[in-house]
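Notes for the one structure printed next.
Naming convention: chains lettered A, B, ... in sequence-line order (proteins, then strands); numbering from 1 in each chain.
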Amino acid sequence: MANVRTRMAPSPTGYFHVGSARTALFSWLFARQHGGEFVLRIEDTDHERSTQASVDVILDSMAWLGLDYDIGPIYQSHNLPRHTQAAADLLASGHAYRCYATTEEIGRVREEANARGVRSWKYTGYGCVIDEAEQARRAEQGLPSVVRFRVPREGDSVTFTDLVYGDQVIDPNEIEDFVLLRQDGSPLYMLSVVCDDVDEAITHILRGQDHLSNTPKQVLLYQAMGAPVPQFAHTALIMAPDGSKLSKRKHGEVVSITTYRDKGFLPEAMVNFMALVGYSAGDGDTREMFNRAELIERFDIARVGRANAKFTFDANNPKQWTDAKAQSLNAEWLRTMTLEELMPHLRPWLERAGLWDDAFEGERAEWFRATIDLIRQRFWTLEDFVTQGAAYLGDRVVFDAAAVKKNLAKDPRLPVLLAGLADRFEAAEFEHDALEAALRGFAEEQGVGAGLLINGMRTALTGQSVGPSAFEVCVAVGRERTLHRLRNLPALAE
RNA sequence: GGCCCCAUAGUCCAACGGUUAGGAUGCAGGCCUUUCAAGCCUGAGGCACGGGUUCAACUCCCGUUGGGGCUACCA
């Protein structure tokens, strides 16, 4: 397909919605796989809500996800003169007209119609609210008016083919003569998007299914403007667990892309997850992990689902703050991506936590890589490296209360035993098998189970009750810190 | 209310006229073992309902029910 150009047109409302991010991803994938271009347009015409900070959230989110654009960001507010000019042109060509009926008058007529049992009343032009004479009188007086699009009522059905939902046929009588320009002369969304999409030569519009019903109006506008109608592809929506619309106001941080970044998600995992919601490669292929390049290669707009999907999360359970599958996918990416790919994501976290040491790239590089590779097997987010991981990478051990209770406070002999163990370790070669032999020998001498010492040691060294093999932990933590921590247990308050 | 869209396990996706309806996630159990939000194995759990069409329907058609969207001088 030649000259493909897609766009993402978010409005800066203070956060970047996961649903928007997903359609952005699909638009980006579509452009990339066709060798086309991807445009970012900021729909900032609502001055009340638009701020630079809001715009930055969008730009940062796009950058984090790795969705680069070839054109933009274009600010829709800059195109205002063009939009009003378009309305003037439509007025001149007879595709639009000034309407002097007030909102109140229209509302009244609408209610009366409903009361009379009219099934769906629509504003369809002069005469349906105020007659021609009244219209002319108000025009003469220079009373305020809006500009409405004249929906062709005699013509055929409005038709277009949606790449996801298929052929659409709409009776024009279902479409009201919608407003193009407000009383104050400012353009409305319906006019602005079409103008911009025409001017930017967008060939394929991928967007949320909530726009499907508006598309016929836009098709009419393209035709009236004498512009080619682009291809449309509407994608199903992401809903909340209860099936309602996923919104920041109702559902909080889980809807915002930056939350995932700030909670230690990998952008690769987030992209992968968003692609999996409402989409599948099919062909009986059960594989689920894909990087961006693979998605570009395999993505097929026709296979995007038509049914809304639900996010599963529980605001009251920290472990389920977002969709469980998203979390598990992130964990899988975390432990399977190459260390070279992981490091650029990890380093900023370590630096912010004061855990970074330049020696990690120098004389301690080998140890560092081995330790990261060891601990990431049980980690779920980048954040885990600076919480649980701190005991391995730095000198600070954060003790988990439950772990202390379970493994250290349960036996009053442990402080003495672990100190004794430290003496044995001091005399032993500091290496996995030798440490294990030393510990088992010591346990036997003392007449205690090896497990008591092993679990106590794990918590003494890491503050956790879970983790890698305890002797691997010793090696990772190193001789000095291991001996020190075994001899200096935390206060065992209970 | 009107118009439009959708409907496979709790959730996300496969199967598209003939399969014991498959995978992932989550859940339960087991193994490993010194631990586990790790790994391996096992298990429970689904075609919304009713009519057609057909030798045969998850798959096609119609209806019902349920869910969603749009219906603004919001985007």
Could you check how far [atom1] of [X] sits from [atom2] of [N], rounded to whole Å?
X        : N      : atom1 : atom2 : result
A/Glu111 : B/rG1  : CD    : C1'   : 13 Å
A/Gln168 : B/rC3  : CD    : C1'   : 12 Å
A/Asn317 : B/rC27 : CG    : C1'   : 14 Å
A/Asp300 : B/rC13 : CG    : P     : 16 Å
A/Asn272 : B/rC13 : CG    : P     : 14 Å
A/Phe290 : B/rC12 : CZ    : C1'   : 14 Å
A/Leu276 : B/rC12 : CG    : P     : 12 Å
A/Glu472 : B/rU33 : CD    : C1'   : 13 Å

Provide the distance between the two [atom1] atoms, one in [N] and one in [M], to the nearest whole Å.
N      : M      : atom1 : result
B/rC41 : B/rA48 : C1'   : 34 Å
B/rU25 : B/rU34 : C1'   : 29 Å
B/rC6  : B/rA24 : P     : 29 Å
B/rA15 : B/rG22 : P     : 14 Å
B/rA9  : B/rC49 : P     : 10 Å
B/rC40 : B/rG23 : P     : 15 Å
B/rC74 : B/rC16 : C1'   : 40 Å
B/rG45 : B/rU8  : C1'   : 13 Å

Quiz item: Counting side-chain heavy atoms from C-beta on, which of B/rC6, B/rU25, B/rG2 comes nearest to A/Ser120?
Solution: B/rG2

Quiz prompt | Residue pair A/Arg138 / A/Thr102, side-chain donor-acceptor N/O under 3.5 Å | solution =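 No, no side-chain donor-acceptor pair sits under 3.5 Å.
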
Quiz prompt | Any donor-acceptor N or O pair under 3.5 Å, side chains A/Ser186, A/Arg182 | solution = yes

Quiz item: Does any N or O donor sit under 3.5 Å from an N or O acceptor when you compare the side chain of A/Glu288 with the base of B/rG23?
Solution: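 For A/Glu288, whose side chain was compared with the base of B/rG23, there is a donor-acceptor pair (under 3.5 Å).
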
Quiz item: Paired stems touching RNA chain B, three or more consecutive Watson-Crick or G-U pairs with both distances under 3.5 Å?
Solution: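 The stems are B:1-7 with B:65-71, B:10-13 with B:22-25, B:27-31 with B:39-43, B:48-52 with B:60-64.
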
Practice problem: Decide yes or no for A/Leu439 and A/Arg424: does some side-chain heavy atom of the first lie under 4.5 Å from some side-chain heavy atom of the second? | Solution: no

Side chain to side chain donor-acceptor pair (under 3.5 Å) partners of [X], counting only residues at least two apart:
X        : answer
A/Thr161 : A/Asp167
A/Ser244 : A/Asp242, A/Lys250
A/Gln464 : none

For [X], which residues count as a ring-ring contact (aromatic ring centres under 6.0 Å, His included) partner, sequence neighbours excluded?
X        : value
A/Phe379 : A/Phe385
A/Phe16  : none
A/Phe160 : A/Phe232
A/His95  : none

Practice problem: Using a cut-off of strictly less than 4.0 Å, decide whether A/Lys325 has a side-chain nitrogen or oxygen near OP1 or OP2 of B/rA24. | Solution: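 Looking at the OP1 and OP2 atoms of B/rA24, neither is under 4.0 Å from any side-chain N or O of A/Lys325.
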
Self-check item: Under-4.0 Å side-chain N/O to phosphate OP1/OP2 contact, A/Arg303 with B/rA15
Solution: yes

In residues 144-151 of chain A, what donor-acceptor pairs under 3.5 Å come from side-chain atoms, sequence neighbours left out?
unit_1	atom_1	unit_2	atom_2	d
A/Ser145	OG	A/Arg98	NH1	2.9
A/Arg148	NH1	A/Asp177	O	2.6
A/Arg150	NE	A/Gly94	O	3.0

Quiz item: Quick one: side-chain hydrogen bond (donor to acceptor under 3.5 Å, both in side chains) pairs with a partner in residues 11-26 of chain A, sequence neighbours left out?
Solution: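 Checked against side-chain hydrogen bond (donor to acceptor under 3.5 Å, both in side chains) - neighbours excluded - no pair reaches residues 11-26 of chain A.
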
Quiz prompt | Annotated protein contacts, base or backbone, on nucleotides 34-39 of chain B with a non-hydrogen cut-off under 4.0 Å, one of B, S, - each | solution = BBBBBS

Quiz item: Can you give one letter per nucleotide of nucleotides 64-75 of chain B, 5' to 3': B if a protein heavy atom sits under 4.0 Å from the base, S if only from the sugar-phosphate, - if neither?
Solution: ----SBS-SBSB

Quiz item: Starting at the 5' end of RNA chain B, which residue's closest nucleotide do you reach first, A/Ala324 or A/Arg306?
Solution: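 Counting from the 5' end, the first nearest nucleotide belongs to A/Arg306.
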
Quiz prompt | Electrostatic pair A/Arg41-A/Glu200, nearest N-O below 4.0 angstrom | solution = yes

